[in-house]
**Student:** 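Take this structure first; my questions come after.
The chains referred to below are lettered A, B, ... by the order of the sequence lines, with proteins before strands, and numbering in each begins at 1. Keep in mind that the numbers below use all heavy atoms, side chains included, and drop hydrogens, waters and symmetry copies.
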There are 2 protein chains.
Amino acid sequence: MSQGRPTLADVASAAGVSVSTASLAFSGAGPIAPETRERVHEAARRLGYAGPNPLGRSLRSGRSGIVAVVIGDQLRRSFRDPVSVQVLDGLVSTLGPLGLGVLLVPAHTTTDGVAELDPLLEAAPMDAAVLIWGAREEDGVLAALQRRGVPVVVGEGPELPGVAVVGVEDRIGTAELARHLLELGHTRFGLVTLPLSHPRRTEVATPERLARPEWAPARHRLQGLADAGVEPVMIVETAGSLVEEGRAAGRLLLDVPEPPTAVLAQSDLLAAGVLLAARELGLRVPEDVSVAGFDGLDLPWMAPDVLTTVAQPLGAKGEAIGRAVEQVLAGELPATVRMPVSLRVGTTTGPPRS
Amino acid sequence: MSQGRPTLADVASAAGVSVSTASLAFSGAGPIAPETRERVHEAARRLGYAGPNPLGRSLRSGRSGIVAVVIGDQLRRSFRDPVSVQVLDGLVSTLGPLGLGVLLVPAHTTTDGVAELDPLLEAAPMDAAVLIWGAREEDGVLAALQRRGVPVVVGEGPELPGVAVVGVEDRIGTAELARHLLELGHTRFGLVTLPLSHPRRTEVATPERLARPEWAPARHRLQGLADAGVEPVMIVETAGSLVEEGRAAGRLLLDVPEPPTAVLAQSDLLAAGVLLAARELGLRVPEDVSVAGFDGLDLPWMAPDVLTTVAQPLGAKGEAIGRAVEQVLAGELPATVRMPVSLRVGTTTGPPRS
DNA sequence: GGATACTCTCGAATCGATTCGAGAGGACCG
DNA sequence: CGGTCCTCTCGAATCGATTCGAGAGTATCC
């Protein structure tokens, strides 16, 4: 058939061999005479055949070679945070050598103002799916994937039956950070949290939402604080881990008669925002207020300040997720991985003004 | 067959209809009695059938519903730049409603220190491919895609036969920016460029590389400068659009006996780095040195400075790329799109110290 | 020379769906 | 009551590859 792109059958007949032999010439999965293989390749070259069609191959093998990464409502929002990007980078570089590609799938699509599960979630080819930023049972994403029989790996919990989890010791890390500030002598803490459940606005956290944090990272870090015995005088919940959100939160916390002497933010970008807010309010850091974050990002524009933070191994986390994907594809259910974090004291924390 | 996941055939027999009827019940592409459809769906529900297997469907239709986005060598590097992320966001939100997913494909893989074309490029299923950051004929990516017969859309040129191009009027924008600085009275310009060809280190640009800029955005912006009659006294080429690179470039340009009075950077992140370098060297902006960028990013941490820049419609560019993809999938070759840019004067440019 | 072993090639089945033309059955009309 | 039309369902072919067992042909050894 000269119409359309050539198929293996075309190549086979041009080379004067059977289709099965031609297949062998490309896959190498079976005995074939070097001369025959060369003849097939030669024919392929002549016809402009660029190798077996992945669609046919996938159907036969039942594998698409695609791993879906489910992203939040807006790509922009997910990826403006270097944290996600670094994890994704580790993931891609682990999956690549395995011949696996990463498909970006939005969790929801908004049609006429109504958010629904993205059709890709239900219909795109995928051998496994990754939820980098935790899963909430409520939102149906997990259910949709499990109905399809797609194995799932989630970053940062929660632990759900049949789901592989890769996370960091953020509870322990937060506790360590809190103790660092306690040792410096702080007693009045402000806290800036990541979204506790479905994102909304940046404002003082309500007791109801604090009582039931659906989002694993926020929950763990809250627990870490409690572990260290810290009870913040004021807690602001943000709508996402962005500098602007942190700045808004910082203003809420610091632009009051008796501001806290230390502000803990659940992410570095939020902490950076708090720092900006402090600067705008004429507060010196750390003399007037200490600020600490979480993540261990390298933010060159913060120079000469160096943020005190809890560093998590982001790239390695992505790689661990990649390995977990490899395992679920092999039919195993990987054990939960919790990666270590480390306190990194910078220049933004110090003793409170007495 | 009770082994493995149920197929359409299983559902059909459970519902007591033929496979073709069952197919109709899901696709709706043909007449079917409502009652029959309901019976099929009921059987599907009972068997835990989550809808037609995309692999089978793809093979039949010849369409995978996947658009590859080819990214640079490191994901981290590509996505640390908000520019790419915003374009990608526009792309994803245009492609989503069309039922198309975005597959991230690295251009190269490094095995044992040797960079090769990533196997996914040659083997992953895709209906079309997008090169967000321009294409160079040299690197083989384009050739590999064209050999496969995959239609390609590139962002930011160059214009190649059979390839759709979406870009911005960066040449015109740069010229406008240059004239703004000329009008302010500047005569000694420093220039910080994006990589001119294959990325390497941040250092003073060699005449050879300046003479033959392979990378379209860098080339256009160089041309724009020339259009305005500006000839920089010193040009530094960077290894990529990152704050650190800009900072290094800024030090090279400004830490000299007679520094330029205005520094033009080919991207906002580079300009931000130059700003940092200036600050570190004790130079006031814009009193001692004016700094301008390109892109129109919203960088909250630059406050209270507002960068003078040329704003390009990043999200809209992604959407335009998405529409171009739609067209190439329909078999058309879209005309080259050049989107308008606009000069946005901030607080980082002013008259030179006389 | 004949049996055995080995190497390579081939035909046919299979993966899971879609699609087209054919035909069964019922409704309607004259 | 017979014919026509319409609605719905079905069987079979098809998409492009992989894989397995069978078999042809040649080499090896006694």
**Student:** When the side chains of residues 25-32 of chain B are checked against the rest of the protein, which donor-acceptor pairs come out under 3.5 Å, sequence neighbours left out?
**Tutor:**
from: B/Ser27; atom 1: OG; to: B/Ser23; atom 2: O; distance (Å): 3.3
from: B/Ser27; atom 1: OG; to: B/Ala29; atom 2: N; distance (Å): 3.2

**Student:** Can you tell me how far the CD atom of A/Glu42 sits from the CG atom of A/Leu47, to the nearest 0.5 Å?
**Tutor:** 9.5 Å
**Student:** Protein-nucleotides 6-8 of chain C N/O pairs closer than 3.5 Å?
**Tutor:**
none

**Student:** Which heavy atom of B/Arg338 sits nearest to which heavy atom of B/Glu156, and what is that distance?
**Tutor:** NH1-OE1, 4.3 Å
**Student:** In whole angstroms, how far is the P atom of D/dT26 from the CD atom of A/Glu35?
**Tutor:** 13 Å
**Student:** Would you name the heavy atoms of A/Val328 and A/Pro334 that are closest together and state the gap between them?
**Tutor:** CG1-CD, 3.5 Å
**Student:** So which heavy atom on B/Leu120 is nearest to which on B/Arg148, and how close?
**Tutor:** O-NH1, 3.9 Å
**Student:** Taking all non-hydrogen atoms of both residues, which atom of A/Asp127 and which atom of A/Leu329 are closest, and how far apart?
**Tutor:** O-CD2, 3.4 Å
**Student:** Could you pull out the protein-nucleic contacts involving nucleotides 16-19 of chain D (nitrogen or oxygen on both sides, under 3.5 Å)?
**Tutor:**
from: D/dG16; atom 1: N2; to: A/Gly56; atom 2: O; distance (Å): 3.2
from: D/dA17; atom 1: OP1; to: A/Tyr49; atom 2: OH; distance (Å): 2.7
from: D/dA17; atom 1: OP1; to: A/Asn53; atom 2: N; distance (Å): 2.8
from: D/dA17; atom 1: OP2; to: A/Leu8; atom 2: N; distance (Å): 2.3
from: D/dT18; atom 1: OP2; to: A/Ser23; atom 2: OG; distance (Å): 2.7
from: D/dT18; atom 1: O2; to: A/Arg60; atom 2: NH1; distance (Å): 2.3

**Student:** Do you know the tightest heavy-atom contact between B/Ala12 and B/Ala22?
**Tutor:** CB-CB, 3.8 Å
**Student:** Would you name the heavy atoms of A/Pro125 and B/Ile66 that are closest together and state the gap between them?
**Tutor:** CG-CD1, 3.9 Å
